[in-house]
Structures are given as structure tokens and as C-alpha cells.
Amino acid sequence: MSLSLKKLTAVFCLLTIPFFAQKNKVPTPSQLQIYYRQAISDYLKDCPQNYKLTIDTLYFGKHDQFPNIKLPEKIAETPIKVITPDAGAVLLKKKKNIHYINLISWGTKEAYEFKLIAFSFGAVHVLDWYAVYDFSQHKKAKKTSSRFENFRFGKE
């Protein structure tokens, strides 16, 4: 069973059209900076409303899937530090009260989702925060939903 070059080209085009058509839906690094800043700001607002938790600095693990973006030094008056996972593990052992986050995200220019996985108390998985955003109205974000999954902290 042999396919002609013409048929192979047609199949290739059909398979790659969805891939290239999706490219316009991928957020740019500058858009991701806005999305991340918004999600982190909302996380910092939601935490005290749901938990007896004081966050003096947020540490984010710069894992392989973390986008190549620059976060501000502070968000909502809270210092933000992006560190390697190895540095995070060392910090979690040294300081029991730090708030270390693995941040996972996915989506398009119009809709983006975040999962912030928080560790503290010497690398104990303390909580997860999920949030979904609608970014379809230019750069204005609308948080359509968010929720916590509690592993360690008691509610207020």
C-alpha cells in the first residue's frame, strides 16, 4: 500500500492545520505574566479569607513547565521569589514556616486555569488552590471559579 506524494502532502496538511490554527490561541509571555500576576494576587486574597495563614513571602518552584516569565518582586505587598526545586527543598527543611508553591497552569488566550500546590512545615503538602479565568475581554481577567483542597490547615 503506497501513498503518492500528493496524498501524503494532503494528509500532512490536514494533520497540521489544527496545530497551526491553535497557535493564535497560545498566550504570549507578556500575557502569561498578566495571568500569573492575577492568579497569585487572588491566591493571596483568598488564603486569609479561608485559613488562619500568614504568608510573609511566597516561594515558587521554577520547574521544567514553569513559563519563561518574570514575576514582579511583590504582589499584594507580598515578596515573590522564584527558586529552583532543589533550593525549595533546602528552604523547606531549614525554615518550617515558609510557603513554597508548585504552580501548574494550562489554557488559551481566552481561558486559563491554575493549580497552586502549597507546601510548608518542612515539605508537608498543605493545600491546593484551583482557579479558572476568562481572559476573553482583552487583558481584564474574570475569575470564573476557585476552590481550595485542604490537606493540613484548619479553616477559620
Side-chain angles (χ1 to χ4, degrees), residues 15-93 95-153 155-156:
L15 292 175
T16 57
I17 286 172
F19 174 77
F20 289 111
Q22 297 270 331
K23 188 170 182 139
N24 290 340
K25 294 190 177 266
V26 176
T28 64
S30 62
Q31 287 169 317
L32 284 176
Q33 283 179 258
I34 293 166
Y35 298 2
Y36 273 62
R37 189 171 41 242
Q38 181 67 51
I40 294 166
S41 176
D42 288 344
Y43 174 77
L44 288 166
K45 289 175 194 166
D46 286 357
C47 272
Q49 292 174 0
N50 290 278
Y51 298 98
K52 291 180 182 178
L53 179 64
T54 303
I55 302 173
D56 60 359
T57 302
L58 269 183
Y59 293 91
F60 288 91
K62 178 85 167 142
H63 52 80
D64 292 340
Q65 290 80 31
F66 197 91
N68 192 18
I69 61 172
K70 183 164 174 48
L71 294 176
E73 289 182 19
K74 284 187 175 186
I75 297 176
E77 302 302 317
T78 303
I80 304 297
K81 307 279 185 199
V82 179
I83 59 176
T84 66
D86 290 340
V90 169
L91 266 177
L92 282 164
K93 285 180 184 175
K95 299 179 180 181
K96 301 292 182 200
N97 63 340
I98 75 160
H99 205 72
Y100 178 80
I101 305 284
N102 275 333
L103 194 154
I104 302 167
S105 67
W106 59 94
T108 66
K109 286 182 180 180
E110 293 85 24
Y112 219 76
E113 297 183 37
F114 291 90
K115 179 178 181 181
L116 281 78
I117 306 160
F119 298 87
S120 196
F121 304 114
V124 173
H125 183 186
V126 292
L127 61 87
D128 290 348
W129 180 77
Y130 299 90
V132 178
Y133 290 87
D134 177 355
F135 286 99
S136 62
Q137 299 300 316
H138 303 293
K139 292 183 181 179
K140 284 212 146 204
K142 178 183 177 191
K143 183 170 64 169
T144 58
S145 68
S146 68
R147 66 183 166 86
F148 282 98
E149 281 190 7
N150 183 6
F151 293 95
R152 170 88 177 181
F153 292 120
K155 289 207 170 226
E156 287 191 323

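Position 1 is the first residue of the sequence; numbering continues from there.
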Worksheet, complete the sentence: To the nearest 0.5 Å, atom CG of N97 lies from atom CZ of F121 at 8.5 Å

Response to the item:
Here the gap from D56 atom CG to H99 atom NE2, rounded to the nearest 0.5 Å, amounts to 10.5 Å

Anything under 3.5 Å between a donor and an acceptor, one on a side chain of residues 76-83, the other on a protein residue two or more places apart or in another chain? List them.
residue	atom	partner	partner atom	Å
T78	OG1	A76	O	3.4

Worksheet item: Would you call E149-R147 a salt bridge at under 4.0 Å N-O?
Response: yes

Discussion item. Please verify the inter-ring angle class for Y36 with F114; under 30° counts as parallel, over 60° as perpendicular, anything in between as tilted.
Written reply: perpendicular

Practice prompt. Kindly say whether the aromatic ring centers of F148 and Y51 come within a distance under 6.0 Å.
Written response: yes

Response to the item:
So CZ of F135 and CD of Q38: to nearest 0.5 Å the spacing works out to 6.0 Å

Fill in: For K143, salt bridge (Lys or Arg N to Asp or Glu O under 4.0 Å) partners two or more places apart
D46

Pairs under 3.5 angstrom only: tabulate donor-acceptor contacts from the side chains of residues 58-73 to other protein residues two or more places apart or in another chain.
residue	atom	partner	partner atom	Å
K62	NZ	P67	O	3.1
H63	ND1	Q65	N	3.2
H63	ND1	F66	N	3.3
H63	NE2	L103	O	2.8

Worksheet item: For I98, does its backbone N or O pair with a side-chain atom of S120 as donor and acceptor, under 3.5 Å?
Response: yes

Worksheet, complete the sentence: Between Y43 and A118, the two heavy atoms sitting closest are OH-CB, 3.7 Å

Worksheet item: Which pair of non-hydrogen atoms, one from K115 and one from D128, has the smallest distance, and what is that distance?
Response: CE-OD2, 3.5 Å

Discussion item. Please confirm whether the ring centroid of Y35 lies under 6.0 Å from the ring centroid of Y133.
Written reply: no

Worksheet item: Which distance, rounded to the nearest 0.5 Å, do you find between the NZ of K109 and the CG of L32?
Response: 10.5 Å

Worksheet item: How about N50 and W129: do any of their side-chain heavy atoms sit closer than 4.5 Å?
Response: no

Discussion item. With rounding to the nearest 0.5 angstrom, report the CG to NZ distance, L91 to K96.
Written reply: 12.0 Å

Discussion item. Looking only at the side chains, is there a donor atom on one of S136 and D134 sitting less than 3.5 Å from an acceptor on the other?
Written reply: yes

Worksheet item: Can you find a pair of side-chain heavy atoms, one from I34 and one from R37, that are under 4.5 Å apart?
Response: yes

Worksheet item: So do the side chains of C47 and I55 get within less than 4.5 Å of each other, counting heavy atoms only?
Response: yes

Discussion item. Side chains of H125 and F119, heavy atoms from C-beta outward: is any pair under 4.5 Å?
Written reply: yes

